There are 2 protein chains.
Amino acid sequence: MAASAQARLARRSPRAATVFAALGDRTRLALVTRLCDGSRCSIAQLSDGQPLTRQAISKHLRVLEDAQIVRSERAGRENLYVLNPQPIADLGNYIELVSSQWDAALSRLKAFVEE
Amino acid sequence: MAASAQARLARRSPRAATVFAALGDRTRLALVTRLCDGSRCSIAQLSDGQPLTRQAISKHLRVLEDAQIVRSERAGRENLYVLNPQPIADLGNYIELVSSQWDAALSRLKAFVEE
DNA sequence: GAAATGTGCAACTTAATGGTTGCATTTCAC
DNA sequence: GTGAAATGCAACCATTAAGTTGCACATTTC
């Protein structure tokens with residue numbers, strides 16, 4: 001089944017790479033951390049306390065939205081952002097595949113050494 | 001315990017961001033996929049079949065090595081690379097924290113609606 | 001030892017990222 | 001309706017990233 005697992009990993013690669021890349025930044029990771037308690041926050045709220053311009057935060061939110069890690073919803077004059085945990089959960093599956101592949105390799109090695 | 005979970009997430013952020021960023025590229029993800037069956041491969045082997053220069057692959061491997069996702073070992077004239085699954089597994093923990101935070105938020109919302 | 005193999009290093013190009021500032025626009029509050 | 005608040009958009013700058021080419025260096029192999 002090794003080939004099948006590799007194929008599954010490869011098939012998920014493009015999408016996974018986008019999500020990984022979106023999370024590969026401190027500021028964006030902080031935004032995700034802030035949003036993962038389920039709160040809906042405006043850009044002004046999210047940039048409050050951060051040592052960056054509101055525009056910078058806005059750009060980061062767009063990156064997260066492109067990766068579908070976050071959804072935005074207009075409410076009057078403000079734009080509310082909510083986390084969408086699905087893509088991140090999918091990464092969890094990806095990671096589990098990698099880990100299981102590695103564990104299987106370890107088992108084979110162990111069996112080989114012990115025989 | 002919500003504050004504690006957030007704090008844990010924030011503490012892991014800088015390191016996690018590095019690993020996420022290292023995985024946020026198709027080519028590097030392909031390299032990880034290739035190595036996660038436990039094989040030790042030279043740069044020449046890893047760049048074989050890829051539509052990139054050996055140098056490009058070499059640079060990508062350095063990024064992965066800086067993130068400690070991969071280890072290299074000199075063997076004569078060739079440089080063998082092996083996966084180190086630990087940082088990736090740590091990302092799994094990070095993701096689980098995010099998910100559990102989100103689930104807790106959902107539960108609170110549900111309780112609020114139903115009361 | 002000469003040729004071939006596997007890498008490393010440096011310079012360079014192009015494109016993407018992260019960030020800023022300034023201004024226009026929509027919406028709310030009084 | 002005037003002013004303040006919350007955004008969006010565009011232009012711009014500096015840095016990093018991704019990739020290439022060319023060459024030098026070590027290690028096999030014959």
Side-chain angles (χ1 to χ4, degrees), chain A residues 10 13-35 39-83 87, chain B residues 10 13-35 39-83 87:
Chain A
S13 275
R15 174 116 194 77
T18 303
V19 181
F20 274 127
L23 295 177
D25 178 281
R26 273 172 203 233
T27 303
R28 289 195 291 267
L29 222 39
L31 289 170
V32 169
T33 301
R34 172 83 176 273
L35 287 174
S39 55
R40 358 180 91 223
C41 299
S42 70
I43 297 180
Q45 287 175 318
L46 289 172
S47 47
D48 193 53
Q50 297 274 99
L52 291 179
T53 322
R54 175 183 54 81
Q55 301 293 354
I57 301 293
S58 194
K59 278 194 184 180
H60 281 301
L61 285 169
R62 171 157 310 217
V63 173
L64 288 173
E65 193 170 13
D66 286 346
Q68 299 182 14
I69 294 170
V70 125
R71 284 195 318 260
S72 73
E73 184 183 332
R74 194 79 194 207
R77 68 182 155 183
E78 52 190 273
N79 203 349
L80 298 180
Y81 283 86
V82 193
L83 185 73
Chain B
S13 275
R15 175 117 194 77
T18 303
V19 181
F20 275 127
L23 294 177
D25 178 281
R26 272 173 206 234
T27 304
R28 289 196 289 267
L29 222 38
L31 289 171
V32 169
T33 300
R34 172 81 177 273
L35 287 175
S39 55
R40 359 179 88 223
C41 299
S42 69
I43 298 179
Q45 288 175 318
L46 289 170
S47 47
D48 194 52
Q50 298 275 93
L52 291 179
T53 322
R54 175 183 54 80
Q55 301 292 354
I57 300 294
S58 194
K59 279 193 184 179
H60 282 300
L61 285 168
R62 172 158 310 216
V63 173
L64 289 173
E65 193 171 12
D66 286 346
Q68 298 183 14
I69 294 171
V70 125
R71 284 196 317 262
S72 72
E73 184 183 331
R74 194 77 193 209
R77 69 181 156 185
E78 53 188 84
N79 204 350
L80 299 180
Y81 283 85
V82 193
L83 185 74

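Letters go in sequence order (proteins before strands), and every chain restarts at 1. This is a predicted model, so every value here is computed, not measured.
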Task: Minimum-distance nucleotide to B:Ser42 side chain [options: D:dC9, C:dT7, C:dT20] - done: C:dT7
TODO: Give the nucleotide from the list C:dG8, D:dG8, C:dT20 with an atom nearest to the side chain of A:Ala56.
DONE: C:dT20
Open item on the list: Given the structure, check if the side chain of B:Arg77 and the base of C:dT5 hold any donor-acceptor pair shorter than 3.5 Å.
Closed with: yes
Open item on the list: I want to check one thing: is the phosphate of C:dG6, taken as OP1 and OP2, less than 4.0 Å away from some side-chain N or O of B:Asn79?
Closed with: no
Open item on the list: Just the rounded figure in Å: distance from C1' of C:dG6 to CG of B:Asp48.
Closed with: 13 Å
Open item on the list: Below the 4.0 Å mark, does C:dT5 have OP1 or OP2 next to a side-chain nitrogen or oxygen of B:Arg54?
Closed with: no
TODO: Output the single nucleotide from C:dG19, D:dT20, C:dG8 whose closest atom is nearest the side chain of B:Ser58.
DONE: C:dG8
- [ ] Answer yes or no: does a side-chain N or O of B:Thr53 lie under 4.0 Å from OP1 or OP2 of D:dG19?
- [x] no
Open item on the list: Please report the distance, rounded to the nearest Å, between CD1 in B:Ile57 and C1' in C:dG8.
Closed with: 16 Å
TODO: Calculate the interatomic distance between A:Leu80 atom CG and D:dG8 atom P; express it in whole Å.
DONE: 11 Å
Task: Polar pair under 3.5 Å, donor/acceptor by atom type, side chain A:Gln55, base C:dG19 - done: no
TODO: Give B:Arg74 one of three labels, base, sugar-phosphate or nothing, depending on what nucleic acid heavy atoms sit under 4.0 Å from its own.
DONE: sugar-phosphate
Task: Nearest heavy-atom neighbours spanning B:Arg40 and B:Glu73 - done: NH2-OE1, 3.1 Å
- [ ] Report the residue (A:Gly24 or A:Glu78) whose heavy-atom-nearest nucleotide on DNA chain C is the more 5′ of the two.
- [x] A:Gly24
- [ ] For residues A:Arg28 and A:Ala22, report the shortest heavy-atom separation together with the two atoms involved.
- [x] NE-O, 2.6 Å
Task: Gap between atoms CG and P, on A:Asp25 and C:dA16 respectively (whole Å) - done: 18 Å
Task: Spacing of A:Arg28 atom CZ relative to C:dG19 atom P, expressed in whole Å - done: 9 Å
Open item on the list: Quick check on C:dG18: is either OP1 or OP2 less than 4.0 Å from any side-chain nitrogen or oxygen of A:Thr27?
Closed with: no
TODO: Return the nearest nucleotide to the side chain of B:Lys59; candidates are C:dA11, D:dT7, C:dT7.
DONE: C:dA11
Open item on the list: Nearest whole Å is fine: how far is D:dA17 C1' from B:Leu61 CG?
Closed with: 16 Å
Task: Atom pair CD1 (B:Ile43) and CG (B:Asp48), whose distance is rounded to the nearest 0.5 Å - done: 13.5 Å
TODO: Taking only the side-chain nitrogens and oxygens of B:His60, find out if one of them lies under 4.0 Å from OP1 or OP2 of D:dA17.
DONE: no
Task: Residue from A:Thr33, A:Val32, A:Leu64 passing side-chain contact (heavy atoms from CB on, under 4.5 Å) with A:Leu83 - done: A:Val32
Task: Whole angstrom value for the distance that separates C1' of D:dA17 from CZ of A:Phe20 - done: 19 Å
Task: Spacing of B:Tyr81 atom OH relative to C:dG6 atom P, expressed in whole Å - done: 15 Å
Open item on the list: Both A:Leu52 and B:Arg62 contact DNA chain C. Taking the nearest nucleotide for each, which residue is further toward the 5' end?
Closed with: B:Arg62
Open item on the list: Side chain of A:Ile43 only, heavy atoms from C-beta on: which candidate in D:dG8, C:dG18, C:dT7 is closest?
Closed with: D:dG8
Open item on the list: Show the nearest heavy-atom pair for residues A:Leu61 and A:Val70, with the distance to one decimal.
Closed with: O-CG1, 4.3 Å
Task: Distance-minimising heavy-atom pair for A:Ala75 and A:Leu80 - done: CB-CD1, 4.0 Å
